[in-house]
Every structure is written in C-alpha cells, then in structure tokens.
Amino acid sequence: MIETTDAAVRAAGRHALRGDLLDFPSQPVWGELDSDAVRFLPDHWLLIEQGRIVGTQAEAPDDSWMRHDHRGCLILPGFIDTHVHAPQLDVIASFGTELLDWLNTYTFPAEQRYADPLIARQGAERFMDALLAHGTTAAVVFPTVHKVAAQALFEAAQARGMRLIAGKVLMDRHAPEGLRDDVAQAERDCVDLIDRFHGRGRLAYAVTVRFAPTSTPAQLAMAGALCRADASLYMQTHVAENRAEVAWVAQLFPDARSYLDVYDREGLLHPKAVLAHGIWLDDADRQALAGRGAQLAFCPSSNLFLGSGLFDWGAARRAGVQVSAASDVGGGTSLSMQKTLADAYKVQSLQGQRLDAWSALYTATHGAAKALGLDGEIGHFGRGAVADVCVWHWAVGGVAQARMERVRNLHEKVFAWLTLSDERNLVSAWVAGRERFRP
Ligand code: GUN
Ligand code: ZN
C-alpha cells in the first residue's frame, strides 16, 4: 500500500514546532538578568521524534517532518505544578476563612463526594484537562482519602499520557465521617495502588500524608515504613503553613522539636519528599530539609488567599533547600503557573527580595524536574527529553501588546509576559510529542 506523505510522516512521529524557543539548561543565578543559564532561540524549530525532543535548528526541516508554524509565539517546556489538589477545583475561590476553618467549611465537604466512583472519575478527567488547558503537563497531586479517587486520577493521567505523581490521601483522625481511613486498610490500599500504578508509564506513587494533625502516630509510622521499604516512592504532605496549625501540631506532638520534626522522626523526609508551604520553619528545619534532600513547594497564591504568611525564599536558598512553585488549588485561586509565579514575585517583593523571570521559569520547569529526580525526562528541550511542550502567545489584549512593543531587552520581555499572561495565552499543549490541547 502506498501511503500519502502526511500519513508516512505521522507514522514516523516527526513533528517540528516553529517559534521562539526558551528553556534553561542549567540553574540561573538568583537576580542575574544577563544569564548564561538561559537558552533563547528566536524563530527556531523544535524537532520531536517518537515523542522525544531530538534537536533545534534555525532552518525549516524537510518534508519528512509535520511542520507546525507558530512563528511569533513563545515555546516553553510544559509547566510542572508540584502541589495541587484535584477535588478542590470544586471549591476554588471560597470566601472568608483561614486554613483550618477553610478545610472544615469548604474542603472536607467537597472531598466527601469523591467516595462515589463516578464523581471521582468525572472530577479526575475535568482536573487533568484543566491542567493541560493551563499549560501544565506534569503535576504532583492530592486526590482524596478514597482509593477510587486516586485510581481515577492515575487513569485520567494515563489516558492523556501525562506525567503524574499522586497517592491516596492518608487521614485517620480529625476529619469528618467518610473522610477517615484506618491504618490497616490504608496500608492495603497503598500497597495495591503502588502495585498497579507506580512506575507504570509516566505514573509514580506518592505516600500522601495530608498533614500531621489528620494522621495518628501509628499512621505516620506506617507511611514512613512504606517510604523506607521502597526509595523510589515519593512522599507529599503539608508543613508549617498557618500559625494556628503550627500551634495545634505542637499540642498533638509535644515530644517533637518542631512541626517538620514530626515527619523527620518517621523517615518521611527524603529526596523524593515534597512538602507544601514551609512558611513557619526555623533554620534548624531548613537544615534538616536540605540535609535530607527534600523539597518545599512554595504556593504563593494560596498563601495570600488563605492569609497564611509570606514564604522566605531567601532563607530557603541560603540553607540549600530545593524550592519549586505550586498552585495549591483550591487554596490557590488559579491553575495558571504564570499567575502563580507572578504572585511569587509579589510575595518575595514584600520581603525585599526580587524574583527574576529566569529563576521563576526555571523553578516551574527544569528546577522542579530536577528536584523531583525527573530532569532526564522533563523540564527542558535537551535531546532525549520527553516532548512536553507548550506554545504561548506573547501578548493577549491591548495592554500586553502595547507593553511588548516597549520592552528593551529579553528579560524585560519575558518578565512582562510572566506578569501579564495566563491560560488565555495558551496556543497549544503537547504531551510526549502529541498535541493534547488547543483552545
Ligand atoms: N493542609 C492540610 N490540608 C490542606 C489542604 O487541602 N490545603 C492546604 N492549603 N493546606 C492543607
Ligand atoms: Zn495543599
């Protein structure tokens, strides 16, 4: 059978995307605007073969490539959101509370609905589609305590070819009926989910302790044992987000040196641990995080919205703690990583620190991948990386267009883009070399 050229090209899986390519082969130095870590290739072609990046070039590739001409657009690695709650899309933008009230008033009731397999599946699909529609191609996600919700999330990610790190939420106290597990059943659920999903395709399992107050010491010990038994497992939780929460943890765990120490004592801090917030930590905590190789997920939108506090990125950096950026929806008010990073700039600004566009974008791409041990796979345009790629308009609307006409250098342009853009700028999102979203 003679194939048409188009069909033959599709069969070879060769795609070439034209636009202004921007990625970060190495970590930019904080505050350095003229940085060697920035790779900007204006009006170049990004070559993708069989789902992986195979190169970049200035000249148009030959007819053996499907050419996608996005000249005049910005092309970035897909964003990585290192902390977000799938079921909380249902309560995003809820009025008037701080963390502990917000959990009881809005979040727990919303999560109770995910015991129903149909609601869990529809919610998981809506959530994964929403990530893609915001240019996020990989994420570290909390579902709910229900096994069906974790399973639905893994299946929704698998169906879209997306990189997902997730796990059933562990919570066996201080939560309402329908949201509590127990140690033995939780362990069985974790073991079964690990067997079925961990390392399957682009999925990985995270032992998911909601936060210290909702797990008994016995459950924390079980979670630690799972991590010790398999160093390839991730761990995700919350730490030191809100002052009332910190005081409550001190009451519940009087023997612990600090909130973070509750996790450290159980072996939950390791290079695959992602801890959200870390606002109310001290230097000994930061030393412990750096020593264990665990990372903090900075969630500026959530921290502002819930009035939690200002994360001190400078102190984390000085201690050598790895920091990624995260939306923390529904505490955060948008899945957009540009909005998240623009809020990050403002939170640092309130503390006299200035987050440059290079450090910001690195944090949400290559930096997050590196902290997760996934830099061989995602976060950059290096040869062999999986082609998770997003194409963006440089400007949408008159204000952004006028601003773009007045930028004087590359940093100014990218910083203005980061501050003024959001999901409305997205032209297309590619996952493993397939276009999966176009508005
Ligand atoms: N701490 C415990 N659970 C949560 C949650 O769902 N969101 C946030 N922001 N903090 C938490
Ligand atoms: Zn959270």
Side-chain angles (χ1 to χ4, degrees), residues 82-83 85 140-151 153-154 164-175 179-200 203-240 245 248-250 252-278 281 284-285 287-297 321-322 371-374:
T82 57
H83 180 82
H85 299 256
V140 185
V141 183
F142 273 60
T144 63
V145 70
H146 312 102
K147 188 181 179 186
V148 288
Q151 178 181 323
L153 200 59
F154 281 125
L164 174 76
I165 298 167
K168 179 207 112 64
V169 178
L170 297 168
M171 42 199 302
D172 65 348
R173 65 168 170 174
H174 299 136
L179 279 190
R180 288 189 306 271
D181 53 14
D182 62 64
V183 178
Q185 185 59 47
E187 184 174 18
R188 281 195 295 275
D189 288 352
C190 288
V191 168
D192 183 50
L193 289 165
I194 291 164
D195 275 357
R196 287 162 58 204
F197 297 109
H198 184 56
R200 182 170 134 200
L203 311 177
Y205 196 84
V207 174
T208 301
V209 176
R210 178 172 214 122
F211 68 155
T214 45
S215 284
T216 57
Q219 188 171 64
L220 293 172
M222 183 274 282
L226 287 174
C227 289
R228 271 192 285 269
D230 182 350
S232 71
L233 292 173
Y234 287 86
M235 194 288 295
Q236 60 176 341
T237 192
H238 298 87
V239 72
E245 171 211 19
W248 191 22
V249 171
L252 292 170
F253 299 90
D255 300 339
R257 193 202 70 81
S258 67
Y259 188 161
L260 186 83
D261 188 45
V262 173
Y263 300 137
D264 200 13
R265 296 186 310 180
E266 299 297 350
L268 290 165
L269 303 185
H270 50 70
K272 298 216 143 162
V274 183
L275 296 99
H277 308 297
L281 299 174
D285 291 326
Q287 295 297 332
L289 285 167
R292 306 273 184 250
Q295 69 173 291
L296 287 176
V321 182
Q322 303 183 86
L372 294 168
L374 294 175

Next on the checklist: Pair Val140, His83 - check side-chain contact (heavy atoms from CB on, under 4.5 Å), show working.
Outcome noted: CA-CA 5 Å; Val140 185; His83 180 82; 5.9 Å; no
Item to check | Stepwise ring-ring contact (aromatic ring centres under 6.0 Å, His included) check, His198 with Tyr205 | outcome: CA-CA 5 Å; His198 184 56; Tyr205 196 84; 7.2 Å; no
Item to check | Stepwise side-chain contact (heavy atoms from CB on, under 4.5 Å) check, Ile165 with Val274 | outcome: CA-CA 11 Å; Ile165 298 167; Val274 183; over 6 Å; no
Item to check | Verdict with reasoning, Leu296 to Leu281, per side-chain contact (heavy atoms from CB on, under 4.5 Å) | outcome: CA-CA 11 Å; Leu296 287 176; Leu281 299 174; 4.0 Å; yes
Item to check | side-chain contact (heavy atoms from CB on, under 4.5 Å) assessment of Thr237 paired with Val207 | outcome: CA-CA 9 Å; Thr237 192; Val207 174; over 6 Å; no
Checklist entry - Hey, mind stepping through His238 and Phe142 against ring-ring contact (aromatic ring centres under 6.0 Å, His included) and telling me if it holds? => result CA-CA 11 Å; His238 298 87; Phe142 273 60; 5.0 Å; yes
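For Thr208 (side chain) and Ala206 (main-chain N/O), a donor-acceptor pair under 3.5 Å exists by modelled atom type. Looking only at distances, no side-chain donor or acceptor of Ser215 sits under 3.5 Å from a matching main-chain atom of Ala212.
With hydrogens and angles left out, the side-chain atoms of Gln219 and Arg173 include no donor and acceptor closer than 3.5 Å.
Note that CZ of Phe211 and CD of Gln236 are 14.5 Å apart. Values are rounded to the nearest 0.5 Å. Atom CZ of Phe253 is separated from atom CZ of Arg265 by 7.0 Å, given to the nearest 0.5 angstrom. Atom-to-atom distance recorded for Leu153:CG and Phe197:CZ is 10.0 Å, nearest 0.5 angstrom. How far NE2 of His270 is from OH of Tyr263: 12.5 Å, rounded to the nearest 0.5 Å. How far NE2 of His146 is from CD of Gln151: 13.5 Å, rounded to the nearest 0.5 Å. Lys168 contributes atom NZ, which lies 3.5 Å from atom CG of Asp181 (distance to the nearest 0.5 angstrom).
In summary, Asp192 and Arg188 do not engage in a salt bridge, as defined by a charged side-chain N under 4.0 Å from a carboxylate O. We find that Asp285 and Arg257 are joined by a salt bridge, their nearest charged nitrogen and carboxylate oxygen being less than 4.0 Å apart.
Residue Glu266 comes nearest to Ala221 through the heavy atom pair OE1-CA, 3.4 Å, listed as atom of the first residue, atom of the second, then distance. Residue Cys227 comes nearest to Gly267 through the heavy atom pair CB-O, 4.2 Å, listed as atom of the first residue, atom of the second, then distance. Residue Leu268 comes nearest to Met235 through the heavy atom pair O-CE, 3.2 Å, listed as atom of the first residue, atom of the second, then distance. Residues Ala150 and Pro143 approach most closely at CA-CG, 3.8 Å, considering heavy atoms. Closest approach of Tyr259 to Pro213, counting heavy atoms only: OH-CD, 4.0 Å.
Leu289 pairs with exactly one of Val321, Val239, Asp264 by the side-chain contact (heavy atoms from CB on, under 4.5 Å) rule, that one being Val321.
With sequence neighbours excluded, no residue forms a salt bridge (charged side-chain N to carboxylate O under 4.0 Å, His left out) with Asp172.
Taking 4.5 Å as the limit, some side-chain heavy atom of His174 sits within range of a side-chain heavy atom of Leu252.
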